[in-house]
Amino acid sequence: MAFQPPYSPSLFKRKDNASGATVVAIDNKIEQAMDLVKNHLMYAVREEVEILKEQIKELVEKNSQLERENSLLKTLASPEQLEKFESQLSPDEQTTPGATNSPEQDAGSAV
């Protein structure tokens, strides 16, 4: 005589299918929630990138304007004014990258 389980195998299969369907439904909801979060984050990042691009554009324009103004002021300043100004600068400020020397400084330097 073969062993008979105390329950119907078809009942067990239905439970498996029902729990399997539940797992699939939960997985689908999790995936939908993750997609929603991903879409929200992508939108927020794109928005932030656009804001930062605009700020960079404004800063580049402001930097160009200040460089032109600085150049003009250097050409209009007397050698005494330039010397006085440069003597007031700290050593770090005098050696900043991109800083341009006045014609008087270039003439006195030996390379």
Side-chain angles (χ1 to χ4, degrees):
M1 183 181 236
F3 174 73
Q4 292 287 330
Y7 52 84
S8 166
S10 62
L11 179 63
F12 182 71
K13 286 183 182 177
R14 269 189 255 136
K15 285 184 181 177
D16 273 353
N17 287 342
S19 66
T22 303
V23 169
V24 170
I26 291 171
D27 285 348
N28 286 339
K29 287 184 180 185
I30 290 171
E31 188 174 338
Q32 289 173 353
M34 289 174 60
D35 284 344
L36 184 63
V37 169
K38 177 183 155 191
N39 289 337
H40 176 73
L41 285 174
M42 291 299 293
Y43 176 79
V45 167
R46 283 188 194 109
E47 194 173 80
E48 187 69 21
V49 165
E50 288 303 316
I51 290 169
L52 292 172
K53 281 181 179 180
E54 186 62 32
Q55 288 177 345
I56 289 170
K57 180 181 172 186
E58 290 170 3
L59 289 170
V60 166
E61 290 172 1
K62 179 75 170 176
N63 188 45
S64 295
Q65 176 191 353
L66 291 172
E67 285 177 349
R68 287 190 304 270
E69 183 180 328
N70 187 33
S71 178
L72 176 64
L73 290 172
K74 281 184 176 181
T75 59
L76 296 176
S78 69
E80 294 82 19
Q81 289 172 322
L82 283 174
E83 187 177 319
K84 182 179 178 183
F85 173 72
E86 289 170 1
S87 68
Q88 293 174 349
L89 291 178
S90 69
D92 290 341
E93 292 173 329
Q94 291 179 359
T95 59
T96 54
T100 57
N101 291 335
S102 66
E104 293 80 12
Q105 288 175 324
D106 290 340
S109 65
V111 179

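Listed here is the closest heavy atom pair of Lys74 and Leu82: O-CD1, 4.0 Å.
Atoms CD and CZ, from Glu80 and Phe85 in turn, are 16.0 Å apart once rounded to the nearest 0.5 Å. The distance from atom CD of Glu67 to atom CG of Asn70, rounded to the nearest 0.5 Å, is 8.0 Å. To the nearest 0.5 Å, the span separating OG on Ser78 from NZ on Lys84 amounts to 10.0 Å. How far CG of Leu66 is from OG of Ser71: 12.5 Å, rounded to the nearest 0.5 Å.
Clustering of Ile, Leu, Val, Met, Phe, Trp and Tyr side chains at separations under 4.5 Å places Ile30 together with Ile26, Met34. Counting Ile, Leu, Val, Met, Phe, Trp and Tyr side chains that sit under 4.5 Å apart, directly or through other members, Ile56 shares a hydrophobic cluster with Val60.
Residues meeting the side-chain hydrogen bond (donor to acceptor under 3.5 Å, both in side chains) test with Glu47, sequence neighbours left out: Tyr43. Here Glu83 pairs with nothing under the side-chain hydrogen bond (donor to acceptor under 3.5 Å, both in side chains) rule; sequence neighbours left out.
Within the structure, no pair that satisfies the side chain to side chain donor-acceptor pair (under 3.5 Å) test touches residues 49-62, not counting sequence neighbours. Screening residues 25-41 for side chain to side chain donor-acceptor pair (under 3.5 Å) gives no qualifying pairs among residues at least two apart or on separate chains.
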